[in-house]
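Below is one structure, written out as structure tokens; the observations come after it.
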Amino acid sequence: MSKRLQKSSGPGQRQLRAGELVRHAVAEVLSRGEVHDPVLEGHMITVPEVRMSPDLRQATIYVMPLGGRNAKEVLAALERNKKFLRGEVARRVNLKFAPDIHFRLDERFDEVERIEKLLRSPEVSRDLNKDTKSDESVL
């Protein structure tokens with residue numbers, strides 16, 4: 001069976017590389033304050049990930065304002081300035097087509113905090129201590 005017919009489980013090397021190039025370009029534009037929007041000028045924004053479609057025509061850019069404050073306002077400001085950002089990406093990244101960009105809030109930080117709270121809860125601590133004591137008795 002040919003390699004082209006096999007299904008891959010994740011994004012290809014080309015998608016990952018293009019995503020990183022787009023991520024660096026967007027992060028650079030935002031960090032230098034090249035977008036003239038009062039909401040964006042008042043926030044530090046991190047761009048932890050960009051996911052590209054297989055044909056590299058769609059880019060989903062995950063963003064999070066520092067501290068997570070005013071996330072909805074920042075997302076709306078990025079949407080307002082999408083055309084400018086797409087032009088900057090096209091100018092800085094050498095792709096055949098400038099990808100259409102979509103912004104999403106990166107919710108991984110919230111998920112990590114939720115898991116941390118769960119692990120610190122008394123019920124989980126009690127269960128972990130119980131397992132540790134039973135492991136010691138076996139030795």
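Any value given below was found using the heavy atoms of this structure, including those in side chains, with hydrogens, waters and symmetry copies removed.
Of all heavy-atom pairs spanning Tyr62 and Leu105, the tightest one is CD2-O, 4.0 Å. When all heavy atoms of Phe103 and Leu75 are compared, the closest pair comes out as CB-CD1, 3.5 Å. Between Pro99 and Leu56, the shortest heavy-atom contact is CB-O, 3.7 Å. In terms of heavy-atom proximity, Pro48 sits nearest to Thr46 at CD-O, 3.4 Å.
Hydrophobic cluster membership for Leu118: none, as no Ile, Leu, Val, Met, Phe, Trp or Tyr side chain comes under 4.5 Å of it.
For Glu107, there are no salt bridge (charged side-chain N to carboxylate O under 4.0 Å, His left out) partners, not counting sequence neighbours. Legend: residues meeting side-chain contact (heavy atoms from CB on, under 4.5 Å) with Glu116, ordered by chain and number and at least two apart, are Val112, Arg120. Here Arg80 pairs with Asp37 under the salt bridge (charged side-chain N to carboxylate O under 4.0 Å, His left out) rule; sequence neighbours left out. Every residue two or more places apart in sequence or in another chain that forms a salt bridge (charged side-chain N to carboxylate O under 4.0 Å, His left out) with Arg114 is listed here: Glu111. In this view, Ser31 satisfies the side chain to side chain donor-acceptor pair (under 3.5 Å) rule with no residue, not counting sequence neighbours. Remark: Glu20 pairs with Arg23 by the salt bridge (charged side-chain N to carboxylate O under 4.0 Å, His left out) rule, at least two apart or across chains.
No single ILVMFWY cluster, assembled from side-chain heavy atoms under 4.5 Å apart, contains both Val63 and Met44.
Among residue pairs with one or both ends in residues 40-53, those qualifying as salt bridge (charged side-chain N to carboxylate O under 4.0 Å, His left out) are Glu49-Arg51, Glu49-Arg108; sequence neighbours excluded. Counting only residues at least two apart or in different chains, salt bridge (charged side-chain N to carboxylate O under 4.0 Å, His left out) contacts with residues 57-75 are absent.
Taking CG from Asp100 and OG1 from Thr60, the interatomic distance works out to 10.5 Å, rounded to the nearest 0.5 Å. The distance from atom CD1 of Ile61 to atom NZ of Lys82, rounded to the nearest 0.5 Å, is 9.0 Å. In this structure, the separation between CE on Met52 and CD1 on Ile101 is 10.5 Å, given to the nearest 0.5 Å. To the nearest 0.5 Å, atom CE of residue Met64 and atom CD1 of residue Ile45 are 11.0 Å apart.
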Do any side-chain atoms of residues 87-98 form donor-acceptor pairs under 3.5 angstrom with protein atoms, and if so which ones, sequence neighbours left out?
residue: Glu88; atom: OE1; partner: Arg91; partner atom: NH2; Å: 2.9
residue: Glu88; atom: OE1; partner: Arg92; partner atom: NE; Å: 3.1
residue: Glu88; atom: OE1; partner: Arg92; partner atom: NH2; Å: 3.1
residue: Arg92; atom: NH1; partner: Glu28; partner atom: OE2; Å: 3.3
residue: Arg92; atom: NH2; partner: Glu34; partner atom: OE1; Å: 2.7
residue: Arg92; atom: NH2; partner: Glu34; partner atom: OE2; Å: 3.2

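Side chains of Leu66 and His43 form no contact here, defined as non-hydrogen atoms less than 4.5 Å apart. No side-chain heavy atom of Asn70 sits less than 4.5 Å from a side-chain heavy atom of Val39. With contacts defined as side-chain heavy-atom distances shorter than 4.5 Å, the pair Val29/Phe84 qualifies.
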Could you walk me through whether Leu30 and Val47 pass the side-chain contact (heavy atoms from CB on, under 4.5 Å) test, one step at a time?
CA-CA 9 Å; Leu30 292 174; Val47 184; 4.0 Å; yes

